[in-house]
**Student:** 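There's a structure below that I have some questions on.
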Amino acid sequence: MLEMGHWLFEIADAVEQRAKVMGKREIVLNGGLSVSGLQHIGRLRGEVLTGEAVRKILEKRGYKVKQIIVLYTQDAWKGKEKQLKQFEGEEGRKYIGYPLIKVPDPKGCHANWVEHYWEDFGGVLDKFSDGKIEVVRTTDLYAKELKEVTKEFIEKRELTRSVVNKYRGRNPYPEDWIPIEPVCQNCGRIDGAKAIKIEGDLVEYICKHCGYHGKTKLENGKLNWRLEWAGIWKALDIDFEPFGKDHATPGGSRDSCVELATTVLKIQPPIGLPYEWVAIRQGKKEMDMGSSDFIGITPKEWLEIADPEVLRYIYFSTPPKKRIVIDLTEIPQYYEQLYHGERAYFMRKEGKSLSEEEEEAAINYELSILTDPPERLPFQLSYYTAALLVQSLPKEDIYDSALKRLRASKIIAGELSEFEKERIKSILIKASNWVEKYAPEQVKYAVRAELPAELKGSLRFKDSLIELGNKLISLENWNEDEIKKAMIEHTSSMNDEERKIFYREFYIVMIGKDSGPRAAPLLAALGKDVVKEKLIESLESK
RNA sequence: GGGCCCGUGGCUCAGCCAGGUAGAGCAGCGGGCUUUUAACCCGUUGGUCCCGGGUUCAAAUCCCGGCGGGCCCGCCA
């Protein structure tokens with residue numbers, strides 16, 4: 001089998017094996033996110049896309065698979081520095097200890113904190129996946145699926161306590177402990193009400209923050225997080241769930257939850273998978289993306305500059321425990337990696353023999369694409385070329401004008417399929433956003449609005465530049481080769497020193513910097529009109 | 001205290017799971033092409049695979065013990 005050895009297929013095998021042993025008809029994959037702030041692209045790695053890839057593999061094998069993401073909306077809002085800063089002034093302080101779902105939207109545009117920060121992640125999930133992912137919130141689960149298991153923990157509180165206390169050496173729960181943490185009806189906090197009595201579906205509690213003594217429904221609270229996680233496994237019948245490295249420590253949360261699952265809830269814990277976090281590099285600095293610290297970019301922001309397949313390819317081709325560092329200035333290289341996988345995929349399809357590395361690249365490509373693969377290897381527009389091109393094109397008409405130039409310069413020949421057209425269109429738009437937001441300086445150039453008069457006066461080769469302009473606009477074929485030829489011819493009589501100055505002035509006139517992208521491709525991209533305007537009209541005037 | 005990841009030519013890294021002649025890209029050097037502008041093409045230099053032990057006919061790869069760098073957990077989630 002080609003896929004042997006690929007980590008995603010190994011997980012799929014393990015999950016399949018588990019399902020077989022347990023005789024399950026439907027396999028359930030889970031992921032969990034607490035919406036404590038910025039929902040960055042790192043969170044797609046383990047909790048969403050790993051599951052999606054495993055689901056894809058298992059579905060291909062004929063299994064019915066459900067994929068869920070649980071949002072931990074009942075967790076307490078901690079009021080970390082960056083979280084507080086989302087609010088005006090000191091307003092945020094009021095909400096410390098509130099369940100996330102009860103914290104208002106600091107920007108005022110959504111129903112609450114969770115909905116606001118979930119939007120740029122959840123709202124584009126269907127673009128990063130096939131969309132067949134069910135999103136649930138713990139707030140709702142407590143009213144339904146988690147009800148039974150909550151009661152089970154309360155009934156088995158002694159056993160539960162003996163297990164949990166193994167992991168709470170210095171701060172064990174006391175003998176009268178009741179495993180439910182209610183929301184205080186007086187001060188709104190979920191992080192301090194102590195349950196003292198259970199009466200059917202009601203819990204009586206005393207709040208340590210405000211001293212309030214009251215009763216509320218069980219569902220208006222939450223389980224201690226270890227119980228909660230294990231409880232979700234049981235309530236939703238989970239077969240597989242990845243978890244971040246913070247949960248992976250031996251004797252840590254995953255281990256303690258496994259023990260609760262087997263000894264208290266009497267279930268087989270799901271297959272787990274520890275994964276590393278994703279970092280972002282900005283200049284020389286490199287930081288793990290973080291939700292409550294608001295570090296990173298959201299999936300929505302990623303879509304502005306790159307296709308989702310590109311990120312999927314990075315994630316699928318990297319073993320889960322390896323750290324990934326995303327550098328947004330390297331988007332062109334990330335595209336090349338996806339293209340590499342694409343070429344490998346089509347080589348395999350054509351029956352060519354592949355190296356092991358290419359085999360793997362082909363598999364990663366297959367996992368990364370979101371639509372059926374095209375018939376044959378599609379045209380691969382270099383992202384870098386696109387970035388150069390778009391800087392000289394009218395934004396409104398970017399696709400048609402780009403296509404014209406790409407054909408004129410013979411980068412594209414022949415008819416394009418729908419797939420190719422769509423992809424080119426997408427890359428052009430994304431590359432143009434990338435130039436604005438993240439591209440390194442050397443990639444950028446601008447067609448300057450107007451040449452300052454004092455500069456114009458000091459140009460040594462002003463007449464020669466005008467002459468070149470005239471030669472260029474009379475060219476029959478506007479393509480790189482012709483332009484290059486004309487330029488070589490024009491500068492052939494100059495010596496090295498003169499030529500150097502000539503080119504410097506050329507760039508200053510064209511783009512306002514004394515150097516820039518290669519002259520011929522640049523001019524090909526800019527078009528005749530711009531040449532006429534810059535080299536002739538602006539120099540002749542006055 | 002416990003655990004994870006990484007350590008391979010100047011740089012970035014692949015190879016390690018399934019042991020079998022040390023690889024790629026960039027940089028360097030030589031040449032070609034071209035007036036270059038994050039170029040391209042051909043050729044080429046360069047490596048005690050962090051160190052020490054073990055297993056083996058054979059170790060970058062497996063096992064044990066160190067060292068250096070990054071990170072996680074220690075009762076919040």
Side-chain angles (χ1 to χ4, degrees), chain A residues 4-7 10 32-36 70 72-80 97 99-100 138 164-173 181 190-192 222-229 243-257 274-277 279 286-288 291-292 317-325 327 329-330 332-333 336-337 340 355-358 360-361 382-385 387-388 439-445 480-481 484-485 487-492 494-500 502-504 506-507 511 513-522:
Chain A
M4 270 205 354
H6 193 290
W7 62 279
E10 280 174 5
L33 299 169
S34 101
V35 191
S36 49
V70 174
Y72 287 83
T73 52
Q74 206 71 343
D75 287 14
W77 190 73
K78 302 225 178 88
K80 288 177 81 169
L100 288 167
T138 49
V164 172
N165 276 352
K166 283 197 212 168
Y167 302 92
R168 299 174 63 94
R170 274 181 272 143
N171 187 23
Y173 285 124
E181 298 164 5
I190 195 170
D191 63 345
K222 77 183 288 290
L223 290 165
N224 163 287
W225 60 281
R226 295 179 203 268
L227 317 197
E228 186 174 62
W229 198 14
F243 46 90
K245 63 174 171 184
D246 49 337
H247 297 288
T249 298
S253 65
R254 163 78 194 186
D255 282 1
S256 58
C257 289
Y275 64 88
E276 247 290 354
W277 293 340
E286 194 180 290
M287 299 174 88
D288 282 337
S291 180
S292 54
S317 57
T318 311
K321 292 223 259 189
K322 276 210 176 186
R323 185 152 182 260
I324 293 176
V325 182
D327 185 337
T329 65
E330 309 247 331
Q333 275 90 311
E336 290 308 316
Q337 287 171 29
H340 171 71
S355 69
E356 270 185 49
E357 188 277 327
E358 287 164 332
E360 195 150 319
S382 140
Y383 190 93
Y384 179 68
T385 300
L388 273 191
E441 278 312 305
Q442 67 240 44
V443 176
K444 293 189 208 171
Y445 66 90
E480 245 183 86
D481 274 354
K484 194 153 103 183
K485 233 184 263 173
M487 296 195 69
I488 292 167
E489 198 187 295
H490 184 73
T491 55
S492 59
M494 298 177 187
N495 65 34
D496 283 359
E497 184 60 22
E498 289 169 334
R499 216 176 267 131
K500 206 172 151 191
F502 176 84
Y503 270 91
R504 187 184 303 152
F506 165 83
Y507 281 109
I511 62 173
K513 302 200 285 190
D514 59 11
S515 67
R518 296 164 63 197
L522 175 68

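Below, chain A is the first sequence line, B the second, and so on; all start at residue 1.
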**Student:** Quote, to the nearest angstrom, the C1' distance that separates G23(B) from U61(B).
**Tutor:** 14 Å
**Student:** Could you measure between the two P atoms, the one in C63(B) and the one in G20(B), and give it in whole Å?
**Tutor:**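 Approximately 15 Å lies between the P atom of C63(B) and that of G20(B).
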**Student:** Could you work out, with salt bridge (charged side-chain N to carboxylate O under 4.0 Å, His left out) as the rule, every residue matching D255(A), not counting sequence neighbours?
**Tutor:** none
**Student:** Restricting to nitrogen or oxygen on both sides, can you table the protein-nucleotides 71-74 of chain B pairs closer than 3.5 Å?
**Tutor:**
from, atom 1, to, atom 2, distance (Å)
C71(B), O2', K245(A), NZ, 2.1
C72(B), O2', K245(A), O, 3.1
C73(B), O4', T249(A), OG1, 3.3

**Student:** Figure out the CD/C1' separation between E330(A) and C13(B), and round it to whole Å.
**Tutor:** 12 Å
**Student:** Looking only at atom C1', what distance separates G28(B) and G46(B), rounded to whole Å?
**Tutor:** 9 Å
**Student:** Would you kindly compare E360(A) and K321(A) by the position of their nearest RNA chain B nucleotide and give the one closer to the 5′ end?
**Tutor:**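 Checking each residue's closest nucleotide, the 5'-ward one belongs to K321(A).
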**Student:** Using a 4.0 Å cut-off on protein heavy atoms (strictly under), produce a 5'-to-3' string for nucleotides 6-12 of chain B with B for base contact, S for backbone-only sugar-phosphate contact, and - for none.
**Tutor:** S------
**Student:** What is the nucleic acid contact for N165(A), judged by heavy atoms within less than 4.0 Å: base, sugar-phosphate only, or nothing?
**Tutor:** nothing
**Student:** Which residues pass the side-chain hydrogen bond (donor to acceptor under 3.5 Å, both in side chains) test with K166(A), not counting sequence neighbours?
**Tutor:** E259(A)
**Student:** Of the nucleotides C5(B), C76(B), C17(B), which one has an atom closest to the side chain of N171(A)?
**Tutor:**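 From the listed options, C76(B) comes nearest.
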**Student:** List the residues meeting side-chain hydrogen bond (donor to acceptor under 3.5 Å, both in side chains) with S256(A), not counting sequence neighbours, and say none if there are none.
**Tutor:**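 side-chain hydrogen bond (donor to acceptor under 3.5 Å, both in side chains) list for S256(A), sorted by chain: R226(A).
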**Student:** Apply side-chain hydrogen bond (donor to acceptor under 3.5 Å, both in side chains) to W229(A) and list each qualifying residue two or more places apart in sequence or on a separate chain.
**Tutor:**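 Scan of W229(A) (side-chain hydrogen bond (donor to acceptor under 3.5 Å, both in side chains), adjacent residues dropped) gives E241(A).
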**Student:** Using atom C1' in both nucleotides, what's the gap between U44(B) and G52(B) to the nearest angstrom?
**Tutor:**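 36 Å, rounded to whole Å.
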**Student:** Suppose we screen for side-chain hydrogen bond (donor to acceptor under 3.5 Å, both in side chains). Which residues come up paired with E181(A), at least two apart in sequence or across chains?
**Tutor:**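 With sequence neighbours excluded, E181(A) shows a side-chain hydrogen bond (donor to acceptor under 3.5 Å, both in side chains) to no residue whatsoever.
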**Student:** Between atom CG of D327(A) and atom CD of Q333(A), what is the distance when rounded to the nearest 0.5 Å?
**Tutor:** 9.0 Å
**Student:** Between F243(A) and H247(A), what is the ring plane arrangement, given parallel below 30°, perpendicular above 60°, and tilted in between?
**Tutor:** perpendicular
**Student:** Looking only at side-chain atoms of Y503(A), point me to the closest of A38(B), U36(B), G3(B).
**Tutor:**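 In terms of side-chain proximity for Y503(A), the closest of A38(B), U36(B), G3(B) is U36(B).
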**Student:** How long is the line joining OH of Y167(A) and P of G1(B), in whole Å?
**Tutor:** 22 Å
**Student:** With rounding to whole Å, what would you report as the distance between C26(B) and G70(B) at their P atoms?
**Tutor:** 30 Å
**Student:** Can you list the residues that meet the side chain to side chain contact (heavy atoms under 4.5 Å, CB included) rule with E336(A), with sequence neighbours excluded?
**Tutor:** Y339(A), S382(A)
**Student:** Please round to the nearest 0.5 Å and tell me the distance separating atom OH of Y275(A) and atom OG1 of T318(A).
**Tutor:**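 Interatomic distance, Y275(A) OH to T318(A) OG1, rounded to 0.5 Å: 14.5 Å.
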**Student:** How many Å lie between CH2 on W7(A) and P on C16(B), as a whole number?
**Tutor:**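 Spelled out: CH2 on W7(A) to P on C16(B) is 16 Å.
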**Student:** Across all strands shown, which nucleotide pairs with C4(B) by Watson-Crick or G-U wobble geometry, both distances under 3.5 Å?
**Tutor:**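 Pairing partner, where one exists within any strand: G70(B).
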**Student:** In whole Å, measure the gap between the P atoms of C57(B) and G19(B) for me.
**Tutor:** 15 Å
**Student:** Can you tell me the base-pairing partner of C76(B)? Count Watson-Crick or G-U wobble geometry only, both distances below 3.5 Å, and say none if there is no partner.
**Tutor:** none
**Student:** Provide the closest heavy-atom pair for P274(A) versus P320(A) in the form atom of the first, atom of the second, distance.
**Tutor:** O-CB, 3.9 Å
**Student:** Enumerate the protein-to-nucleotides 23-26 of chain B contacts in which both atoms are nitrogen or oxygen and the separation is below 3.5 Å.
**Tutor:**
none

**Student:** Does C62(B) have a Watson-Crick or wobble partner in any strand here, with both distances under 3.5 angstrom, and which is it?
**Tutor:** G54(B)
**Student:** If I pick the P atom on G47(B) and the same atom on G10(B), what distance separates them, to the nearest angstrom?
**Tutor:** 8 Å
**Student:** Grab the CZ-C1' distance between R504(A) and U36(B) for me, whole Å please.
**Tutor:**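 Distance, rounded to whole Å: 14 Å.
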**Student:** Once side chain to side chain contact (heavy atoms under 4.5 Å, CB included) is applied, do any residues pair with E228(A), and if so which ones, sequence neighbours excluded?
**Tutor:**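 Side chain to side chain contact (heavy atoms under 4.5 Å, CB included) check on E228(A) returns Y72(A), D75(A), T138(A), Y142(A), K222(A), L223(A), I232(A).
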**Student:** Of the listed nucleotides (C76(B), A38(B), C17(B)), which one gets closest to any side-chain atom of Q333(A)?
**Tutor:** A38(B)
**Student:** Could you work out, with side chain to side chain contact (heavy atoms under 4.5 Å, CB included) as the rule, every residue matching K78(A), not counting sequence neighbours?
**Tutor:** K80(A), Q83(A)
**Student:** Can you tell me the distance, in whole Å, between the NZ atom of K222(A) and the P atom of C76(B)?
**Tutor:** 11 Å
**Student:** Quantified in whole Å, what is the C1' atom distance between nucleotide C41(B) and nucleotide A60(B)?
**Tutor:** 33 Å
**Student:** Identify, with sequence neighbours excluded, every residue that meets side chain to side chain contact (heavy atoms under 4.5 Å, CB included) alongside N165(A).
**Tutor:**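 N165(A) satisfies side chain to side chain contact (heavy atoms under 4.5 Å, CB included) with R161(A), R168(A), P172(A), Y173(A) once adjacent residues are dropped.
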